[in-house]
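Comments concern the structure below.
All ligand and atom numbering here is 1-based and tracks the order in the structure.
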Amino acid sequence: MANELPKRTVRVRLPARDVDQPGRLEDAVRQAVSTGPLGAWRVDRRSLDARKRPVMAELTIHYVHEGETLGPLEQAGQNWPRLPEDAPRVAVIGMGPAGLYAALELVTNGIRPVIIERGGPVRERRRDLVRITREHLVDPDSNYCFGEGGAGTYSDGKLYTRSHKRGDIRSALEILVHHGADPSILVDTHPHIGTNKLPAIIERMRATLIEAGAEVHFHERWVDWSTQSGAVRTVVTESVKDGNRREHLVESVIVATGHSARDVFRMLHRRGLTIEAKPFALGVRVEHPQSYVDRIQYHGEQGDWLPPASYKLVCQVGDHGVHSFCMCPGGIIAPCATAPEEVVTNGWSPSKRNNPFANSGIVVTVGEADWERAGFEGPLAAMEFQASVERAAWLAAGQTQRAPAQRLLDFVNRRPSTTLPACSYLPGIVPVNLHDVLPPFIAEALREGFVTFGNRMRGYLHPDAVLVAPESRTSSPVRIPRDGQSLQHPQLPGFYPCGEGAGYAGGILSAALDGQRVAAAAVKKLKGS
Ligand SMILES: Cc1cc2nc3c(=O)[nH]c(=O)nc-3n(C[C@H](O)[C@H](O)[C@H](O)COP(=O)(O)OP(=O)(O)OC[C@H]3O[C@@H](n4cnc5c(N)ncnc54)[C@H](O)[C@@H]3O)c2cc1C
């Protein structure tokens with residue numbers, strides 16, 4: 001059996017431009033393998049080293065000797081069995097990455113997920129996204145953050161995580177491949193799916209869940225719950241179409257509602273469940289022509305073999321960290337408000353990353369002292385601080401989904417922009433002095449941060465670089481506490497805070513992994529094991 005062979009790997013390093021040249025990689029692999037006659041081989045891991053010119057490709061090769069068989073890249077056959085009629089029911093609130101992976105984990109363990117999602121199916125969501133851009137109308141239940149697939153769907157689909165549990169990451173990625181993602185995500189050091197590919201993958205995941213017997217309730221907003229003997233017994237939902245209420249009988253509830261469900265945080269607070277204000281980060285999106293970023297990062301080297309370049313920047317300004325966030329090469333700045341009367345930006349890229357712009361969040365850490373100084377207190381203080389900046393941006397740019405913007409150089413030099421360069425933000429941008437919109441400590445930390453970044457990346461302070469504000473939904477401004485062992489809320493048995501909204505994840509992959517982990521804990525409790 002191929003899988004029983006010891007795993008034979010070698011590392012190969014060669015100029016990136018040579019990788020696709022006929023025979024070059026094969027020659028490099030032959031040279032690197034010295035243990036016996038080379039049989040089949042394939043690339044198991046791939047990354048670029050762009051520290052110097054020429055840009056080098058670093059590849060991990062999995063090979064076998066002649067006469068042996070190379071096992072497949074993916075694990076054979078994922079399987080989600082049909083649930084029995086009497087399977088216990090667990091509510092999963094929110095159908096983002098955390099909710100989807102939690103639901104799949106429940107099915108794997110014979111539990112029926114009752115999925116509650118305030119938005120609609122993933123394709124239907126598109127109409128509402130177009131309305132944001134064209135008509136400046138934000139549907140509070142269907143937008144870039146809400147709806148099937150969650151915030152992760154019309155996002156970038158970068159699948160990085162700081163988690164080091166390689167086995168878990170691999171199996172989470174394999175679930176995506178099983179549902180149609182390109183197997184290259186199993187190989188790339190910085191895997192990326194792309195906004196155009198994600199919806200079909202999400203639809204297939206939904207099909208898997210429904211075939212297994214999961215319930216999916218679209219357009220239902222979770223608004224309350226009831227308890228029996230002190231533990232969760234039902235979840236109450238309200239139809240976003242006609243306001244009708246429904247009660248779903250369940251054994252427990254996994255709350256994976258994301259970082260933007262402010263009504264959920266308010267409900268938990270109102271019902272007396274402990275929640276905590278949580279530090280997060282806030283700033284702007286900066287956009288450069290992609291060609292400038294490529295030139296800087298690849299030291300002038302150009303060619304089809306090089307993907308659109310990205311960057312990662314971080315520095316400290318006084319008490320505050322300033323860092324790049326969710327950099328989108330070849331991307332678009334997206335209008336990510338979840339309610340009227342606010343402006344929020346974020347970024348995404350299509351799978352080919354072939355838009356002419358590179359955008360990235362550049363954000364400043366916001367802590368307790370900051371929101372207190374701004375006059376906000378209590379568990380919702382960080383969220384209210386965040387909302388106040390989003391509203392200020394909406395007011396400053398004319399009370400539509402147009403966003404306030406300023407040329408990077410003008411921002412650094414504290415002068416107004418009289419004109420703005422072309423920008424990918426489709427609702428439009430309006431010249432505004434961002435020092436008047438952002439809280440002064442954020443504007444000043446950003447200004448100093450940009451000067452530092454300009455010294456590190458020569459050319460970064462480019463005359464055609466533009467700032468669009470605000471980038472505010474970097475992570476949840478609220479933490480919903482949970483017990484370290486059982487993963488339940490300490491005050492409410494059967495209530496499982498999960499994913500980014502609860503403060504336990506930051507990004508698609510980490511939210512997915514947290515969904516699996518929380519569902520496994522819920523299964524353990526139900527089965528008494
Ligand atoms: C434009 C954009 C680009 C991004 N790019 C990337 C990227 O490239 N890589 C990356 O790792 N991360 C990216 N992110 C962040 C990523 O999308 C989130 O970290 C991730 O989706 C969090 O997953 P989650 O399941 O915890 O929550 P979410 O994805 O936010 O899902 C929460 C779900 O809960 C639903 N919900 C909320 N309230 C209720 C309620 N009361 N009742 C019923 N349902 C409710 C929402 O409709 C939503 O579907 C991006 C985000 C955005 C907005």
Does any N or O of ligand 1 fall below 3.5 Å from an N or O anywhere on [X], backbone included?
| X | result |
| --- | --- |
| R221 | no |
| G501 | no |
| R118 | yes |
| E500 | yes |
| G507 | yes |
| G149 | no |
| A334 | no |

Pick from N346, T474, T345: the one approaching atom 53 (C) of ligand 1 most closely through a non-hydrogen atom: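 Heavy atom nearest to atom 53 (C) of ligand 1 belongs to N346.
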
Ligand-residue contact atoms, ligand 1 with [X], heavy atoms, under 4.0 Å:
| X | answer |
| --- | --- |
| G150 | 29 (O), 31 (O), 48 (C), 49 (O) |
| I93 | 42 (N), 43 (C) |
| A511 | 22 (C), 23 (O), 24 (P), 26 (O) |
| W222 | 40 (C), 41 (N), 42 (N), 43 (C) |
| C326 | 5 (N) |
| F146 | 46 (C), 47 (O) |
| A256 | 32 (C), 33 (C), 34 (O) |
| I116 | 43 (C), 44 (N) |

Using a strict threshold of under 4.0 Å (side-chain N to carboxylate O), is an ion pair present between R262 and E390?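 Answer for the salt bridge query: yes.
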
Please determine if R45 and E58 form a salt bridge, counting it only when a charged side-chain N lies under 4.0 Å from a carboxylate O.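 No, no charged N to carboxylate O under 4.0 Å.
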
Taking the six-membered ring for Trp, are [X] and [Y] ring centroids under 6.0 Å apart?
| X | Y | result |
| --- | --- | --- |
| Y460 | H288 | yes |
| F495 | W225 | yes |
| H179 | W80 | yes |

So is [X] close enough to ligand 1, meaning a heavy atom under 4.0 angstrom away?
| X | result |
| --- | --- |
| G347 | yes |
| G147 | yes |
| E220 | yes |

Report the part of [X] (side chain from C-beta onward, or backbone N, CA, C, O) that has a heavy atom under 4.0 Å from ligand 1; answer both or neither where that applies.
| X | result |
| --- | --- |
| A261 | side chain |
| C336 | side chain |
| V264 | side chain |

Would L446 and I362 count as a side-chain contact (heavy atoms from CB on, under 4.5 Å) here? Give the steps. CA-CA 8 Å; L446 282 174; I362 301 288; 3.8 Å; yes

Are there more than 12 heavy atoms of other residues, nucleotides or ligands under 6.0 Å from atom CZ of R134?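 It does not: R134 CZ has 12 such atoms or fewer within range.
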
Are the side chain of [X] and the backbone of [Y] linked by a donor-acceptor contact shorter than 3.5 Å?
| X | Y | value |
| --- | --- | --- |
| H259 | R473 | yes |
| R125 | F146 | yes |
| Q516 | Y101 | no |

Verdict with supporting geometry, D263 and R118, salt bridge (Lys or Arg N to Asp or Glu O under 4.0 Å): CA-CA 12 Å; D263 50 353; R118 72 195 301 162; 2.7 Å; yes

Is the positively charged end of R482 above the ring of Y504, judged by distance under 6.0 angstrom from the centroid and angle within 45° of the axis?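 Flagged: R482 positioned over aromatic ring of Y504.
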
Evaluation steps, salt bridge (Lys or Arg N to Asp or Glu O under 4.0 Å), between E238 and R221: CA-CA 5 Å; E238 192 172 85; R221 196 188 307 118; 3.1 Å; yes

